[in-house]
Amino acid sequence: MSEFDLVPAPARLEPGEGTFPLAGAAVHGPWAALLSGELQTVTGLSIPVADDARIVLSIDGEGAPESYRLIVTPGGVQVTGADRAGLRYGVFTLAQLARRVDGAWVLPAVEIDDAPRFRYRGFMLDTVRHFFDVATVKRLIDRAARLKLNVLHLHLSDDQGWRIEIASRPELTARASAGAAFGAPGGFYTKADYAEIVAYAADNDMVVVPEIDLPGHTHAVGLAYPDLVEEPVLLDSVREVTERFGGGLPVKGEHYNGIAVGHSSLRVDHEPTYAFLADVLAELAAETPGPWLHVGGDECLSMDGDDFAAFIARVTGMVDGLGKTPVLWHEAGAAPGLAAGTVGQFWGLRENDDAVAAKARAFPAGGGALILSPADAIYLDMKYDAETETGLAWAGYVDVAQSYDWDPAELIDGVAEADVLGVEAPVWTETLATPAELDRMLYPRIASAAEIAWSPARGAHPWRNWDSFAARLAGLAPLWEAQGIGFHRAPGIAWAN
Ligand code: TNX
């Protein structure tokens, strides 16, 4: 346990003298009830909300978005947020600061000035390969917000199922939602469910980015609207994955139970496809308050490059026309004619070659248009090591140290700090069926993504190295236990009790 077990590392921290005792303290100001609850979870103490409190929370409207300043002295505690999100992050930092000294819960005296490095700090949940209910999604939001993440990307459609109600296209949820990978039960979010997730995320200062994966990963659409999809293309890779993992080969019009990719696509030379997309995207855009709408673009292996480019140009134009910023996986960077401002999401490896880098660099001018999700660092569905029971390993094993071992400004040739919108840790769920399995794969590696997204660059901060990170992570174990997170007690980290 280090002296300050804070993750992500705050931008600036100055230790002070002495400690502030939590027993007998009270709290006042916006988010007072939140802080009281957080401290109760960690310490068991009840810290009332009261007017003449020595813990004072406030919002002053000054400084960078999401920033806060926190001062603990033996006589009192002040947290000042630039905005409501900033103050909330300060509250979560306070909860991480609480520690027991000689049997008494205290906050160490300290001064912290903190603000995020990147504005987009996300995680992605694949709700298709396995479906997760609203309660599970909310729990993931709760915990991720406490690591100062502010984006939830929901992968809502894929070959195995369609997960979101679209009123104008009722066949989707009537026919294409029942299945999931390997015969697992499917499901979908009703409009009310989606609204509940979006609102809950907003309460947590988190934005939802919905993804309808196009034009590949669309086998399930064919169960509802057969006219809109091509026959499956049984590439060698599809046969190999099927032999290895089972689930059967894709058959048009039947639920797909396997986990091979690249065999499906929409009929892109067919006007009704665009009428369908206009309906789906318009409803989704109307229900999504955030600025982004993800339209996939990955692994459309059977489609001719010109057809792909024409489709991507058209669909990004549609999203743009709905007043949203399109987001696409990096393959789409190869397509000329992307709508201006389109955001790319890099999912290559840390060692990437120029062909991949060129696609990433192709996302439109103006900078700040790339989300980074290096698969061999923060694809949270990768196994930690050969012993990990769930997960895939196509990007290799990814232990906690490796998840931490990269920097956004050094990842892709020709992509500098200013070209990066932020960082996102996806969890694909081909092999993950339960909340407990998610917990074990997400935690602790999601904390690496959070620190890389929030904290100053490595080299620009004394804590931004593996030894410091591992020590601070280790100290979070009791907090994570108290929060009910079934994290992986990765070897090599001296987890605190
Ligand atoms: C690649 S990442 C995919 C997904 C899989 C994932 C499994 C991306 C854009 N496509 O379809 O679920 O690998 O790790």
Side-chain angles (χ1 to χ4, degrees), residues 122-132 153-163 180-182 184 209-221 232 235 237-238 240-242 244-245 247 250 256-265 294-303 308 312 326-335 343-350 352 356 359-360 363 370-384 388 390-398 402-403 423-433 437-438 441-442 445-446 449:
F123 71 110
M124 187 212 82
L125 178 67
D126 171 5
T127 68
V128 177
R129 277 55 175 267
H130 282 91
F131 181 67
F132 298 91
H153 168 183
L154 287 175
H155 185 72
L156 293 170
S157 70
D158 212 304
D159 294 317
Q160 296 81 356
W162 185 277
R163 301 290 180 232
F182 306 119
V209 179
E211 178 187 358
I212 300 298
D213 201 347
L214 306 167
H217 292 273
T218 43
H219 181 88
V221 173
L235 307 162
S237 61
V238 172
E240 279 157 25
V241 170
T242 307
R244 196 152 153 233
F245 292 97
Y256 177 56
N257 287 312
I259 62 169
V261 297
H263 46 80
S264 59
S265 82
H294 205 307
V295 284
D298 59 315
E299 297 177 321
C300 196
L301 305 180
S302 58
M303 194 179 287
F308 179 72
I312 295 294
V327 186
L328 292 126
W329 300 103
H330 71 235
E331 283 97 316
V343 168
Q345 183 165 10
F346 171 83
W347 62 283
L349 304 181
R350 291 171 309 154
N352 47 81
V356 175
K359 290 178 193 161
F363 283 90
L370 270 183
I371 299 164
L372 302 177
S373 303
D376 59 344
I378 54 169
Y379 259 37
L380 303 178
D381 56 315
M382 291 300 122
K383 290 175 182 287
Y384 291 93
T388 314
T390 55
L392 299 174
W394 65 261
Y397 297 134
V398 179
Q402 183 166 319
S403 72
V423 171
E424 182 183 294
V427 61
W428 301 96
T429 58
E430 286 92 336
T431 63
L432 306 173
E437 287 170 351
L438 285 179
M441 298 303 274
L442 264 66
R445 292 179 297 190
I446 193 173

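Counting from 1, the numbers follow the sequence of the chain as shown. Atoms within each ligand, like the ligands themselves, are counted from 1 in listed order. Given the structure is predicted, the values throughout are model-derived calculations rather than measurements.
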*Look at ligand 1 and say whether Gln345 reaches it with a heavy atom at a distance under 4.0 Å.*
no
Show the atoms of ligand 1 that are less than 4.0 angstrom away from any heavy atom in [X].
X	result
Leu392	7 (C), 14 (O)
Met382	14 (O)
His217	11 (O)

*ligand 1-proximal atoms of Asp381, by part, heavy-atom distance under 4.0 Å*: side chain
Taking all heavy atoms of [X] and all of [Y], pick out the closest pair and write down the distance.
X	Y	answer
His155	Thr127	O-OG1, 2.8 Å
Glu211	Gly296	OE2-CA, 3.4 Å
Glu430	His130	O-CE1, 3.3 Å

*Do Ser157 and Asp213 have side-chain N/O donor and acceptor atoms under 3.5 Å apart?*
no
*asked:* If we count only N and O atoms by modelled type, under 3.5 Å, do the side chains of Ser373 and Gln345 hold a donor and an acceptor together?
replied: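 Side-chain D/A pair, Ser373 to Gln345: present.
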Tell me the protein heavy atom at minimum distance from [atom], and give that distance in Å.
atom	answer
atom 9 (C) of ligand 1	Asp298 OD2, 3.0 Å
atom 2 (S) of ligand 1	Tyr379 OH, 2.3 Å
atom 13 (O) of ligand 1	Trp394 NE1, 3.4 Å
atom 3 (C) of ligand 1	Glu299 OE1, 3.4 Å
atom 12 (O) of ligand 1	Glu430 OE2, 2.5 Å

*Working for ring pair (Phe, Tyr, Trp, His ring centres under 6.0 Å), residues Phe363 and His330*: CA-CA 8 Å; Phe363 283 90; His330 71 235; 8.4 Å; no
*Just distances here: any N/O of Arg129 and N/O of ligand 1 closer than 3.5 Å?*
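Yes, there is a polar N/O contact under 3.5 Å.
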*Got an N/O contact under 3.5 Å between Trp329 and ligand 1?*
no
*Arg129 NZ/CZ over Phe182 ring centroid, <6.0 Å and within 45° of normal*: no
_Test your reading of the model: is there a side-chain donor-acceptor pair from Asp158 to the backbone of Val128, 3.5 Å cut-off?_
no
